[in-house]
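Residue numbers start from 1 in every chain, and the chains themselves are labelled A, B, ... in the order their sequence lines are given, proteins ahead of strands.
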Amino acid sequence: MRKAVVNQKECVACGVCAKTCPRQAISIFHGIYAVVNEDLCVGCKKCERACPASVIQVVQKEAAS
Amino acid sequence: MKKWNEYLWIFSAVYMTLGFFNILFAWIGLICFITPLLLSIIGKGKIYCNSYCGRGQLFELLGSRFKLSSNRSIPAFVRSKWFRYGFLAFFMTMFSIMVFSTYLVFNGTNNLKEVITLLWTIKLPWNWTNTSTVSPWIAQFAFGFYSVMLTSTILGLITMYFFKPRSWCVYCPMGTMTQSISMLKHRRMVK
Ligand code: SF4
Ligand code: SF4
Ligand code: SF4
């Protein structure tokens with residue numbers, strides 16, 4: 001499965017990814033960084049293309065057991 | 001149906017235009033300084049950036065819809081802590097100098113200077129507004145504040161063109177401040 005992963009140390013919490021996500025899978029944790037809900041993420045990469053800081057990437061992940 | 005707050009880019013565009021024709025409108029921009037800070041202080045995180053900032057929306061619109069952005073990744077150093085906090089410190093220093101020169105006009109040491117300073121260096125004569133109806137310091141602050149707003153708009157447009165549409169948001173001093181306040185509030189310093 002492909003899921004979006006945020007580099008939370010460098011995320012600027014601008015919320016651009018959350019706005020672009022067609023599945024509403026992203027929320028901004030208390031204005032500090034973005035958090036992806038992996039149950040909702042379908043790995044479409046829209047957030048990756050939109051992030052102005054380029055700190056969110058879609059990567060291959062093992063299926064949750 | 002779009003929500004009302006998705007049209008806030010109109011506010012930003014109108015603000016910059018009004019300020020161009022009558023410098024005194026610059027004062028309205030204080031809303032864009034005070035609102036995000038207050039919202040963070042009362043624990044709303046970066047909700048201003050996330051949902052209500054007209055400037056961010058304007059860059060998004062110009063960069064994405066009007067395709068004025070080359071959509072490249074921003075150089076990594078721009079999103080580093082030292083650059084973002086460094087730029088914030090520089091910005092606040094310049095802002096304080098601007099407030100101090102307003103004070104010097106207020107207490108009569110200096111006379112009103114009708115200039116707009118771009119990128120903290122380029123001085124443009126800007127004397128098509130009749131400012132004699134207000135105290136000189138009120139006008140002086142308007143010139144200083146509009147300079148700040150115009151400078152940040154220009155920087156934002158440049159990085160919008162070269163990088164992603166909202167690349168200004170990576171190093172925007174307001175965004176850095178609201179994120180820091182949010183971090184402090186939650187005692188989660190992410191290093
Ligand atoms: S778009 Fe990028 S920088 Fe902005 S909140 Fe999302 S992951 Fe963070
Ligand atoms: S990859 Fe697509 S579905 Fe997953 S978080 Fe990003 S935009 Fe949303
Ligand atoms: S980072 Fe600055 S420009 Fe971007 S949304 Fe926040 S306040 Fe607006």
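In the hydrophobic cluster analysis, where Ile, Leu, Val, Met, Phe, Trp and Tyr join through side-chain heavy atoms closer than 4.5 angstrom, A:Val12 is grouped apart from A:Ile56. Residues A:Met1 and A:Val42 fall into different hydrophobic clusters, defined by Ile, Leu, Val, Met, Phe, Trp and Tyr side chains chained together at heavy-atom separations under 4.5 Å. In the hydrophobic clustering of this structure, A:Val58 does not group with A:Val35; members are Ile, Leu, Val, Met, Phe, Trp, Tyr whose side-chain heavy atoms approach within less than 4.5 Å, directly or through other members. Using a 4.5 Å cut-off between side-chain heavy atoms of Ile, Leu, Val, Met, Phe, Trp and Tyr, with links allowed through other members, B:Phe90 and B:Val148 fall into the same hydrophobic cluster. Following chains of ILVMFWY side-chain contacts shorter than 4.5 Å, one can reach B:Leu18 starting from B:Leu58, so the two form part of one hydrophobic cluster.
Using a 4.5 Å heavy-atom cut-off against chain A, no residue of residues 100-139 of chain B qualifies as contacting. Within residues 45-55 of chain A, the residues having any heavy atom under 4.5 Å from a heavy atom of chain B are, by residue number, A:Glu48, A:Arg49, A:Ala50, A:Cys51, A:Pro52, A:Ala53, A:Ser54, A:Val55.
Looking at B:Lys164, the atoms closer than 4.5 Å to chain A (heavy atoms on both sides) all sit in the side chain, from C-beta outward. Only the side chain of B:Arg84 comes within contact range of chain A, with at least one heavy atom under 4.5 Å from a heavy atom of that chain.
Rounding to the nearest 0.5 angstrom, the gap separating the CZ atom in A:Phe29 from the OG atom in B:Ser182 is 10.5 Å. Note that NZ of B:Lys46 and CD1 of A:Ile28 are 8.5 Å apart. Values are rounded to the nearest 0.5 Å.
Under the salt bridge (charged side-chain N to carboxylate O under 4.0 Å, His left out) criterion, A:Glu38 pairs with A:Lys61, not counting sequence neighbours.
Counting only distance, with no hydrogens or angles, the side chain of B:Lys44 and the backbone of A:Gly31 share no donor-acceptor pair below 3.5 Å. With B:Asn50 contributing its side chain and A:Ser27 its backbone, the two residues share no donor-acceptor pair below 3.5 Å.
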Identify every side-chain donor-acceptor pair in residues 19-26 of chain A under 3.5 Å, counting partners at least two apart or on other chains, and give the distances.
residue	atom	partner	partner atom	Å
A:Thr20	OG1	A:Val16	O	2.4
A:Thr20	OG1	A:Cys17	O	3.3
A:Arg23	NE	A:Leu40	O	3.4

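B:Tyr161 OH: 12 or fewer foreign heavy atoms inside a 6.0 Å radius.
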